[in-house]
Number of protein chains: 2
Amino acid sequence: MNSLASTHKKPTISDVAKLAKVGKTSVSRYLNGEFDALSERIKAQIELAINILDYRPNQMARSLKRGSSKLIAYLIPDITNPYSVEVMQGLEKACQDNGYTLLVCNTNRSLEKEHYYLQLLSSYSVEGLVFHPIRSHVNSLTAYPYPVVLVDRKIENFSADRVGLDNIQAATLATMHLIDNGFDAILFISEPIVGISSRLDRVNTFKSVVANHHNVSGDVIEITEQTDSEHDRALLATQIAQFYDAYPTKRKAIISINGSLTLEIALALKMLNLANSQEVGLLGFDDPKWAAVVGDGITSIKQPTYRMGYATFELLLKRINGYQGKPQDILFAGELIIRSSTQSLSSDR
Amino acid sequence: MNSLASTHKKPTISDVAKLAKVGKTSVSRYLNGEFDALSERIKAQIELAINILDYRPNQMARSLKRGSSKLIAYLIPDITNPYSVEVMQGLEKACQDNGYTLLVCNTNRSLEKEHYYLQLLSSYSVEGLVFHPIRSHVNSLTAYPYPVVLVDRKIENFSADRVGLDNIQAATLATMHLIDNGFDAILFISEPIVGISSRLDRVNTFKSVVANHHNVSGDVIEITEQTDSEHDRALLATQIAQFYDAYPTKRKAIISINGSLTLEIALALKMLNLANSQEVGLLGFDDPKWAAVVGDGITSIKQPTYRMGYATFELLLKRINGYQGKPQDILFAGELIIRSSTQSLSSDR
DNA sequence: CTGTTAGCGCATTCAA
DNA sequence: TTGAATGCGCTAACAG
C-alpha cells in the first residue's frame, strides 16, 4: 500500500553518468554548478538523466569527501524554554534559506550530555555550532573542529562570537519601569547565577540601579533550577510570601529572570492570592505568547528572538566561509512590553 | 585563545590501527562491540590507542558504508505549537537513549517545504522519519526509503504506524464535561479541518455527542490558520461575539481544537470582556503549561505528549530494525484537567 | 581470532 | 571541455 514500489535502490552518480553517456566528473560538475566548464549539450543530457532517475546526490558521500556536511547543530540546555524555541525558529528559517539542515540537541542541563554532544557533533562533520551553553565552564577541553557562535551567554577562556540580549540596557529598563511606577520594594528572582554571564549581568544591573534609589529596597534571591515538582513550587511560594511580609508598607514587585520562571512565579502568586498588581507587581524577562493572557497580562522584556536566531546563523555562516575577523558580541536591545501586572490603579507616585 | 591548538587533523581508524599495531578490521570490530571476536590483549591495545588519540569514528564514513546514519528526522508543520515541542522532548530523549541524533525540520505549514524536506532527508540517509504531516495529502509521490511513523494524523493512501490521541474518547470526554456542568450552547472552534484526520475525528465526535442531547446546541466554526495578525484576532472575536449573542438564554462554552488556538480564543474573550466561566466557558485540547495560569486556569484535555514522543521513537526503531508487522495505530487517552474556566458558581444543572 | 582486500558515492587531481 | 583514476574513513566479505 506504500505509495510506490521503488524496488530500485537509489540511483548514484554513476547511474546518471551512464544514462547521460558522460563521465561521472561531468555530472559532479553539474551538481556543483560549474556550468562554465560544461557544454550545453552535455548539460542537457545530464539534466534529463537526473530527472528520469529522480536522482539526488548522497550527502553522506559528499560530506565524506569534502569534509563539509551542510549540517549545523544547535545545542540547548532546555528545550522547554520558550526562548530557545523561538531562537530555533529563526535559526531553522536561516538554515532553510541557505541550504543547511539543523541538528537539534538538548543537553537538558546536564554537563555530561553537553560533553557527549560536543563530541558527537564533530563525528557528524557539522560545519558549525550554535551553542547555548549550560554555564561558562565547559568540561570538554578539546578544541572544536568547527566554528561556534554562542547564544545568550559567554564561556570562560573561550572567545567566540556571541549573540544575545543587551542585559544592561534591558535590566535597567525593567527596573526603572518598576521604580517609575511606584514600586519601592523589588524582589529579583533568578535561577542559579554562577557561571551564567547573562544572569549575572541582569542581577548586577538590577542591584546598581536600585542602589541609586535610596527609597527603594531591592532583594535578590537565587533559587535552584525549577523542576516540575510541587515541592519546588511550594518553596518558591514560601520565599515570595516572606518577601511580601517583609515590606508591609511598601509597594512590592517581582522581576523574574526568564520566561519559565515567570510562569512558576505567576503560579505561586496565584496560590498565595497575590496575583494582582495591587498586591505584587510582576515583570519578567522574555515575552512568550502567553504573557499577554496570564492574569491580565504580564509586563515583560521582549527579546527579538527570531531575529537573534537568524542573525546567529548569518554570523556562523560567515565563519564557516572563512571569515577570520575577531569575535564580536552582537547584542540586541530588549523591548519593554507594558501590561497590567505592573499598573497602578491610582498613580500613587 | 581557542582552548587547544589541535593542528592535527582528526585521527582515523588507520591511525588507531597503526598505533595499536593491529589491523583496521580489529579496530572496527572493537568499535562495533564485537568483543567476543577479539583477544583481551588486542582489545586493550586498541582501547589505549583510542584514548591516546582521542579518536572518534567518522559517522559520515560509517553511514556511507552501511547506509545507516544513526539519524532520524522529525518533520513538523509548526514548531511554534507546544504540542510538537513536547513530543519532541520525548523523541529527543529516546534518541539519546538509543544513540540516535535528531534532525528537526519545520515545514512551517508549507507543502512545498514538506516536499523539500522529504526529498532532502533521504539524501542524509536518515534511518527513519517521524512525520507530523500538514495534511493528509502529501504531494511527494516517491516512496520513502526509510520507515515512517506518523504523528497525530493519518495520510491518505499511505499506511504506516501512527501515534496519536484517541480523539473519539477525548472529544467525548470534553463535550460531556461541558454538558454535565450545565453548558447548553457549545461552540467548537477549529482550524482548517479538511484533510486532517485528527481534527475531523474531534469535530465529528463533538457533533454526535451533542446530537444525543436535545437540549444543547452545538455549533462548529472552522477558521483559517491563525497568523499573528490583528486582523485574524479581530475576526475571531467577532465570530465569538456572534455566538454569544445567538444564545442569550443559554450557558455558553467554547471548545478549542488545540493549544495555540486556545490562547487566541482566551485573548479574544478578554477583548470582549467575556473571560469568565460565568459568561463563556472555555475548554481546550492540549494542556500547555500556561493553561493553569491563564485567567483562573483553563480546563483542558491533556495529551501524554512526552510519552507519545518516546513511544513514537520506539515504534520507529522497531521498524528500523526490520519489524514487518502490519501498521498499527497507537492511541493514547486524553486526560481531562478541570480548572476554573468550566466551573459553575451555582451548580445550576 | 586476525588481517587483507574491496568497495560505499562522490569530488578532485591530472592528463588528454 | 572532458573523463579516468584515486582516495575520503569505514565495514564486510573473505582468507588465513
Side-chain angles (χ1 to χ4, degrees), chain A residues 8-47 49-50 53-71 120 122-127 145, chain B residues 8-47 49-50 53-71 99 120-127 145:
Chain A
H8 328 290
K9 45 192 64 167
K10 286 200 278 187
T12 77
I13 199 173
S14 303
D15 299 326
V16 176
K18 214 168 295 167
L19 183 60
K21 298 191 205 308
V22 299
K24 297 198 295 179
T25 316
S26 296
V27 180
S28 175
R29 288 195 178 110
Y30 176 91
L31 294 175
N32 292 298
E34 301 165 25
F35 298 122
D36 34 338
L38 288 178
S39 69
E40 280 302 322
R41 196 178 52 81
I42 265 197
K43 199 174 128 187
Q45 287 173 163
I46 294 178
E47 195 161 343
I50 287 183
L53 295 173
D54 188 29
Y55 165 78
R56 258 151 299 130
N58 180 325
Q59 286 297 338
M60 292 307 188
R62 293 185 124 173
S63 315
L64 180 57
K65 189 82 245 245
R66 23 151 88 154
S68 77
S69 60
K70 288 293 180 185
L71 239 32
L120 184 74
S122 82
S123 77
Y124 275 107
S125 314
V126 299
E127 294 183 32
Chain B
H8 328 289
K9 43 191 66 168
K10 286 200 279 185
T12 77
I13 199 171
S14 303
D15 299 325
V16 176
K18 215 169 294 166
L19 183 61
K21 298 191 205 308
V22 300
K24 298 198 295 182
T25 315
S26 295
V27 181
S28 175
R29 287 196 179 111
Y30 177 90
L31 295 175
N32 292 297
E34 300 165 25
F35 297 123
D36 34 336
L38 288 178
S39 68
E40 280 303 321
R41 196 178 51 80
I42 267 198
K43 199 174 130 187
Q45 286 171 172
I46 294 178
E47 196 162 343
I50 288 184
L53 295 173
D54 188 29
Y55 165 78
R56 256 152 300 129
N58 180 324
Q59 285 297 339
M60 294 307 191
R62 289 185 129 173
S63 316
L64 180 57
K65 185 77 242 221
R66 24 152 85 155
S68 77
S69 60
K70 288 291 176 186
L71 240 31
L120 184 73
L121 291 178
S122 83
S123 77
Y124 275 106
S125 314
V126 299
E127 294 183 32

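Reminder, nothing fancy here: chain letters follow the sequence lines and each chain counts from 1.
When the nucleotides C/dG7, C/dT5, D/dC8 are ranked by their closest atom to the side chain of B/Lys65, C/dG7 comes out on top. Listed nucleotides: D/dG9, C/dA11, D/dT11. Nearest to the side chain of B/Leu64: D/dG9. The nucleotide whose nearest atom lies closest to any side-chain atom of B/Ala37 is, among C/dT2, D/dT11, D/dT2, C/dT2. Checked against D/dG3, C/dT12, C/dG9, the side chain of A/Ser28 finds its nearest nucleotide in C/dT12. Taking only side-chain atoms of B/Ile42, from C-beta outward, the nucleotide of C/dG9, D/dC10, C/dT2 with the closest atom is C/dT2.
For the pair B/Met60 and B/Glu34, both in contact range of DNA chain D, the more 5′-proximal nearest nucleotide belongs to B/Met60. Between B/Arg41 and A/Arg62, the residue anchored closer to the 5' end of DNA chain C is B/Arg41, taking for each the nucleotide with the nearest heavy atom. Residue-to-nucleotide proximity on DNA chain C shows that, of A/Arg29 and B/Lys43, the 5′-proximal contact is made by B/Lys43.
Atom CG in B/Asp36 sits roughly 12 Å away from atom P in C/dT2 (whole-Å rounding). Computed from coordinates, the A/Ile50 CD1 to C/dC10 P distance equals 10 Å when rounded to whole Å. Rounded to a whole Å, the CG atom of A/Asn58 is 17 Å from the P atom of D/dC10. The distance from atom CZ of B/Arg66 to atom C1' of C/dG9 is 17 Å, rounded to the nearest whole Å. Per the geometry, OH belonging to B/Tyr55 stands 10 Å off P belonging to D/dG9, to the nearest Å. Put simply, CG on A/Leu31 is 12 Å from P on C/dT12, counting in whole angstrom units. The distance from atom NZ of A/Lys24 to atom C1' of D/dT1 is 19 Å, rounded to the nearest whole Å. Here C/dG3 presents its C1' atom at 15 Å from NZ of B/Lys18, a figure rounded to the nearest Å.
In this structure, the side chains of A/Asn58 and A/Lys10 stay at 4.5 Å or more apart for every pair of heavy atoms. In this structure, the side chains of B/Tyr30 and B/Ile50 come closer than 4.5 Å at one or more pairs of heavy atoms.
At a threshold of 4.0 angstrom between heavy atoms, the contacts of A/Thr25 include nucleobase atoms, whether or not backbone atoms are also involved. Across all strands, A/Ser39 comes closer than 4.0 Å only to sugar-phosphate atoms, never to a base (heavy-atom distances). Across all strands shown, B/Val27 has no heavy atoms under 4.0 Å from either base or sugar-phosphate atoms.
Using modelled atom types, no side-chain atom of A/Ser28 and backbone atom of A/Lys24 make a donor-acceptor pair closer than 3.5 Å.
Within the model, atoms CD of A/Glu40 and CD of A/Glu47 stand 9.5 Å from one another, a figure rounded to the nearest 0.5 Å.
Regarding contacts with the backbone of D/dG3, a side-chain N or O of A/Ser26 is found under 4.0 angstrom from either OP1 or OP2.
Partner of A/Val27 under the side chain to side chain contact (heavy atoms under 4.5 Å, CB included) criterion, out of A/Leu38, A/Val16, A/Asp15, A/Thr12: A/Val16 alone.
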